[in-house]
S.K.: 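Can you read through this structure? Questions will come right after.
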Protein chains: 2
Amino acid sequence: MTRTSLNHFHCSMARTADIIGDKWSLLILRDVFLGSKTFSQFQKNLGVARNILSDRLDKLVRNEILERRRTRPGVERYSYHFTDRGSELVPVLIAMMQWGDRWIFGEGKEPLELNDQKTGRPIQLIKVLSADGKPLANDEMSASPGSGADSSILTSFHGKRSKVSD
Amino acid sequence: MTRTSLNHFHCSMARTADIIGDKWSLLILRDVFLGSKTFSQFQKNLGVARNILSDRLDKLVRNEILERRRTRPGVERYSYHFTDRGSELVPVLIAMMQWGDRWIFGEGKEPLELNDQKTGRPIQLIKVLSADGKPLANDEMSASPGSGADSSILTSFHGKRSKVSD
DNA sequence: TGATTTGGTTTTTTAACGCAACTAAAATAC
DNA sequence: GTATTTTAGTTGCGTTAAAAAACCAAATCA
């Protein structure tokens, strides 16, 4: 019996979490964002077990988050890069970083600062904005079934569950 | 041999991932955001095993993401709510949802739409913005050691690792 | 009064994790 | 020209956490 997959949830969060919702995948993606490219770099930076790293890279490649490129023809030397799909996960990563900056390390103690390369100034805090660009608090939002919704979306997004080998 | 904790990484992503970087925690938080409050509601909506749910709720409470309130004095009836700390994770959740909307379900097939309650219009796509409010692509950002950085932050953020029972 | 709901805990099984050792080819050092 | 190191993994094994199901006790509903 394999672990529970979230594949059949009709829910974007669940499906996204199924792909990147584990510690090592998230850290690998962070590492890619910061410039790491190779198996050894990830291994050195993260200290993750090699089989786990192998498994996660595979999964990220299969899900087209990362692309594996051969760096020299005919030789087993590879590098990993974001696909378009993968690079659009960066806001997720940055939102997580910023939360940790604020609530774990605290103002003025951020381990890492992200800057606009052109101006050198720090990027903005990631926020939820209304259509006209105003920050929205959580209780100023409402959820409604989207165009692709099935009937029971708001009362339950518990879809069928499945066993997968992944 | 216990699982590796990311507690000693001097990295906001790692530390945040250590708290919410697993499927069920993320789904519980989504569920809270959408209005669920009780153990039974989470269990019904998510279909998660009760012991796992119990464990995750506990962890989220211990980490002050959620607050457990007794709903009737002297009786075992509880409800779970975001703390301030927890509610600031919502941008992370929404960024994940939006990624799934786009890359898993596809434009026009979103299971759920989030709206500005006042106007009824959908919220904006979450983006990384420069100080002057312009969207930044990934290669237009640079990382530099923050005010709380230790010396080796960019070459390696592999801190000491520890075994924890958590 | 008997069934159901609520909020869990306990028990058992199984899959995932972590570690160390191994492989095999290429690159570098001596 | 041989030896060591680096790269990119795979294999095997023991441990641990997750999943499923059963159980529990108090409160509430029918």
S.K.: Let me know the distance between CG of Asp58(A) and C1' of dT10(D), rounded to the nearest Å.
M.R.: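 The answer, rounded to whole Å, is 12 Å.
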S.K.: Give the rounded distance in Å between these two atoms: CH2 of Trp24(B) and P of dA19(D).
M.R.: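 One finds 6 Å between P of dA19(D) and CH2 of Trp24(B), rounded.
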S.K.: Which residue lies toward the 5' end of DNA chain C, Arg56(A) or Arg72(A), if each is placed at its nearest nucleotide?
M.R.: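 The answer here is Arg56(A).
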S.K.: Could you state the atom-to-atom distance from CG of Leu53(B) to P of dA21(D) in whole Å?
M.R.: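 Between P of dA21(D) and CG of Leu53(B): 16 Å.
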S.K.: Are Glu64(B) and Arg62(B) ion-paired here, with the side-chain N under 4.0 Å from a carboxylate O?
M.R.: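 No, Glu64(B) and Arg62(B) are not salt-bridged.
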S.K.: Nearest whole angstrom, please: distance from the P of dC19(C) to the CZ of Arg3(B).
M.R.: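 Computing the Arg3(B):CZ to dC19(C):P distance gives 11 Å.
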S.K.: With a 3.5 Å cut-off and no angle check, do the side chains of His81(B) and Thr83(B) form a donor-acceptor pair?
M.R.: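 Checked: His81(B)/Thr83(B) side chains show no N/O donor-acceptor pair below 3.5 Å.
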S.K.: Ile28(A) has an atom CD1; how far is it from atom P of dG9(D), in whole Å?
M.R.: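 Rounded to whole Å, this separation is 12 Å.
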S.K.: Gln43(B) CD to dA22(D) C1': how many Å, rounded?
M.R.: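 Roughly 14 Å, once rounded to whole Å.
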S.K.: Using the side chain to side chain contact (heavy atoms under 4.5 Å, CB included) criterion, which residues pair with Gln41(A)? Sequence neighbours excluded.
M.R.: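 Once residues adjacent in sequence are excluded, the partners of Gln41(A) under the side chain to side chain contact (heavy atoms under 4.5 Å, CB included) criterion are Ser36(A), Lys37(A), Thr38(A).
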S.K.: Can you list the residues that meet the side chain to side chain contact (heavy atoms under 4.5 Å, CB included) rule with Ser147(A), with sequence neighbours excluded?
M.R.: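 With sequence neighbours excluded, Ser147(A) shows a side chain to side chain contact (heavy atoms under 4.5 Å, CB included) to Glu110(B), given in chain and number order.
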S.K.: Can you check each nucleotide of nucleotides 4-10 of chain C against protein heavy atoms at under 4.0 Å and return B for base, S for sugar-phosphate only, - for none, in 5' to 3' order?
M.R.: --BBBBB
S.K.: Side-chain donor-acceptor pair under 3.5 Å between Asp84(A) and Ser87(A), yes or no?
M.R.: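 Absent: no donor and acceptor within the cut-off.
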S.K.: Within the side chain of Asp116(B), is there an N or O that forms a donor-acceptor pair under 3.5 Å with the backbone of Lys118(B)?
M.R.: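 Here the side-chain-to-backbone pair exists.
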S.K.: Rounded to whole Å, how long is the line connecting atom CG of Asp18(B) with atom C1' of dA17(D)?
M.R.: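 Taking CG of Asp18(B) and C1' of dA17(D), I get 15 Å after rounding.
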